[in-house]
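What follows is a short report on a single structure.
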Amino acid sequence: MEGKPLKLSTKILAGLVLGIVAGALLNAFMPGQVKSIDHYVLSPIGQAFIRIIQFIVVPVVFTSLIIGLTSLQGTGKIGSYTIKLLPLYIITSAVALAIGMVTAYLLKPGTGVSIKEVGQGPDAQKGQSLVDWLVSIVPTNPFEALSTANLLQVIISAILIGVAMNLVKEKAQPFLALVKSVYSIVERILQIILKAAPIGVFALMASVIATQGFGVVNKLLMYILGLILALAIMGVIYYLILLMVGAKPNHFFKSFFPSFSLAFGTASSNAALPVAMDNAGDRYGMKREIASFALPFGTALKRDGAAILQGFNALFVAQFFDVPITASLIMAVFVSALLVSFSTAGVPGAGIIMMTTVLSAAGLPLEGIAIVAGVDRLTDGFRTALNVIGNVANAAVIDRWNK
Ligand code: ASP
């Protein structure tokens with residue numbers, strides 16, 4: 001893809017910083033007007049941007065996966081990538097989760113917090129069981145998979161279609177030509193949409209800071225800083241993993257910066273996916289067949305930030321309510337948080353909804369969610385950035401192994 005990627009990342013970064021500054025100024029000097037400015041200007045622009053970038057997620061994933069599959073020597077490769085990716089996902093997510101729990105254990109962000117409630121909890125949602133979830137990823141209707149943007153269903157549909165296309169050979173050519181044509185169009189749409197990214201990110205950041213301000217931060221300072229610290233440690237671990245496998249970490253972080261900054265600004269892994277796929281090919285030089293499969297697959301499943309959030313948060317809640325941290329509590333949190341991290345959606349605020357499952361599994365009070373709800377959006381950007389870093393880094397490791 002063409003364009004000026006470096007300039008774009010600078011612009012997105014400028015949007016982020018200016019958004020934070022504008023939000024802080026609004027919060028400090030125009031407290032009376034913040035609500036209506038946010039309601040009529042900032043939120044609509046930010047939400048519109050998240051919506052329009054999601055417009056291309058499904059077509060990008062569907063078409064690039066089919067193009068990748070039909071260009072392979074053997075479609076068996078998808079199987080081999082899956083077999084390599086899954087254990088890697090589980091190991092790195094377990095490491096992330098352990099870091100989150102150890103950080104919370106050592107920093108004790110939940111002890112001595114004097115507030116009883118700083119925000120509103122989400123509506124209690126019952127978590128899906130693992131078996132139900134596994135069954136639900138099997139598509140019943142390819143058009144439904146596409147229209148509901150269920151990423152795993154889209155991936156499975158595309159693989160099935162791609163494999164069959166390889167089998168029917170020439171008869172699939174007209175459809176392949178169509179898919180390639182759609183891909184080119186969607187690629188161009190992404191370039192157009194990205195022109196609005198700095199404004200979208202500006203509006204999203206300004207909205208968060210203007211409406212939340214920093215007042216609430218003071219009360220849960222250790223919670224926010226501890227969480228960000230754990231996320232940063234995992235980011236460093238990914239740097240070291242990439243260094244170890246010879247995947248050029250500096251080049252990696254530079255190449256994928258636009259997608260990471262977009263993840264931070266939008267707090268949506270799904271929204272960052274088309275940009276991550278673009279960065280993978282254009283800037284990083286990842287093998288196309290790996291990027292076209294591993295990145296959507298990871299966007300559907302891989303969430304290091306969510307794993308850290310759940311582990312850290314559960315211990316915070318235990319500390320806050322003086323629940324003794326026993327070995328069985330740690331096990332319950334570890335297992336449930338690991339599973340939950342794989343089924344957290346790539347949309348803003350998904351992590352907080354999933355807290356219900358982890359806290360229930362560990363027998364911790366659900367009221368804990370209301371305590372942290374007020375600051376969730378402030379850490380969501382950091383979490384999402386790590387979610388995307390982890391997803392892309394695992395793909396880069398596989399890419400390296402295949403070279
Ligand atoms: N917002 C995150 C994401 O899109 C999910 C979360 O809330 O942790 O990856």
Side-chain angles (χ1 to χ4, degrees), residues 16 46-47 49-51 53-54 57-58 61 89 92-93 96-97 99-101 104 119 121-123 125 127-128 133 149-152 200-201 204-205 207-208 212 223-224 226-228 230-232 234-235 238 256 259-277 295-314 316 336-359 369 372-395:
L16 278 175
Q47 292 312 316
F49 175 66
I50 293 192
R51 289 175 72 105
I53 197 153
Q54 288 187 348
V57 170
V58 167
V61 171
Y89 282 179
T92 46
S93 289
L97 174 54
I99 290 171
M101 291 177 74
D123 294 339
Q125 284 206 352
Q128 215 179 7
W133 178 76
N150 181 323
L151 270 190
L152 282 177
V201 166
L204 287 164
M205 291 319 294
S207 165
V208 173
Q212 307 217 343
Y223 180 87
I224 296 169
L227 198 48
I228 293 173
L231 295 166
M234 192 60 202
Y238 272 121
F256 286 103
S259 56
F260 299 157
S261 52
L262 208 64
F264 181 79
T266 59
S268 168
S269 301
N270 288 6
L273 173 63
V275 183
M277 290 175 80
L295 300 187
F297 190 56
T299 302
L301 283 181
K302 181 68 175 140
R303 302 256 187 279
D304 296 281
I308 290 178
L309 170 75
Q310 299 301 344
F312 185 94
N313 182 70
F316 166 85
S336 59
L338 193 60
L339 293 176
V340 152
S341 80
F342 288 107
S343 51
T344 300
V347 295
I352 195 158
I353 291 168
M354 306 304 277
M355 281 176 186
T356 325
T357 309
V358 177
L359 296 183
I369 300 173
V372 297
V375 294
D376 184 69
R377 183 55 183 86
L378 294 178
T379 65
D380 202 357
F382 293 96
R383 261 148 49 199
T384 310
L386 181 69
N387 288 341
V388 177
I389 290 173
N391 171 23
V392 181
N394 278 280

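Reckoned from all heavy atoms, side chains included, excluding hydrogens, waters and symmetry mates. By convention here, the first residue in the shown sequence is residue 1. When a ligand or atom number is given, it counts from 1 through the structure's own listing order.
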(request) Please identify which atoms of ligand 1 are closer than 4.0 Å to at least one heavy atom of Arg303. (result) 9 (O)

(message) A side-chain contact here means heavy atoms from C-beta on lying under 4.5 Å apart; do Phe382 and Leu227 qualify?
(response) no

(request) Determine, considering heavy atoms only, which of Ser269, Pro348, Ala385 sits nearest to atom 3 (C) of ligand 1. (result) Ser269

(request) Return the residue, atom name and 0.1 Å-rounded distance of the protein heavy atom closest to atom 2 (C) of ligand 1. (result) Thr384 OG1, 3.2 Å

(message) Could you tell me if the side chain of Leu231 sits less than 4.5 Å from the side chain of Arg383, heavy atoms only?
(response) yes

(request) Among all protein heavy atoms, pick out the one at the shortest distance from atom 1 (N) of ligand 1; state its residue, atom name and that distance to 0.1 Å. (result) Asp380 OD1, 2.8 Å

(request) Check whether any N or O atom of Gly351, backbone or side chain, sits under 3.5 Å from an N or O atom of ligand 1, and answer yes or no. (result) yes

(message) Which heavy atom of Asp304 sits nearest to which heavy atom of Ala96, and what is that distance?
(response) OD1-CB, 3.7 Å

(message) So, 4.0 Å and heavy atoms of Ala267: is ligand 1 close enough to count as a contact?
(response) yes

(message) For Thr92 and Lys302, which I'm curious about, is there any donor-acceptor pair between the side chains at under 3.5 Å?
(response) yes

(message) What I want to know is whether Val347 and ligand 1 share at least one N or O pair that is separated by under 3.5 angstrom.
(response) yes

(request) Find out whether Val340 and Met355 are in side-chain contact, i.e. whether some heavy atom of one side chain is under 4.5 Å from a heavy atom of the other. (result) no

(message) When you compare ligand 1 with Ala350, is there at least one nitrogen or oxygen pair between them that comes in under 3.5 angstrom?
(response) yes

(request) Of all the heavy-atom pairs spanning Gly346 and Ser268, show the shortest one and how long it is. (result) O-OG, 2.8 Å

(request) Can you see which heavy atom on Ile352 is nearest to which on Gly349, and at what distance? (result) CG2-O, 3.1 Å

(message) Any nitrogen or oxygen of Arg383 lying under 3.5 Å from a nitrogen or oxygen in ligand 1? Just yes or no.
(response) yes

(request) Quick one: look at Ala345 and ligand 1, take heavy-atom pairs under 4.0 Å, and tell me if it's side chain, backbone, both or neither. (result) backbone

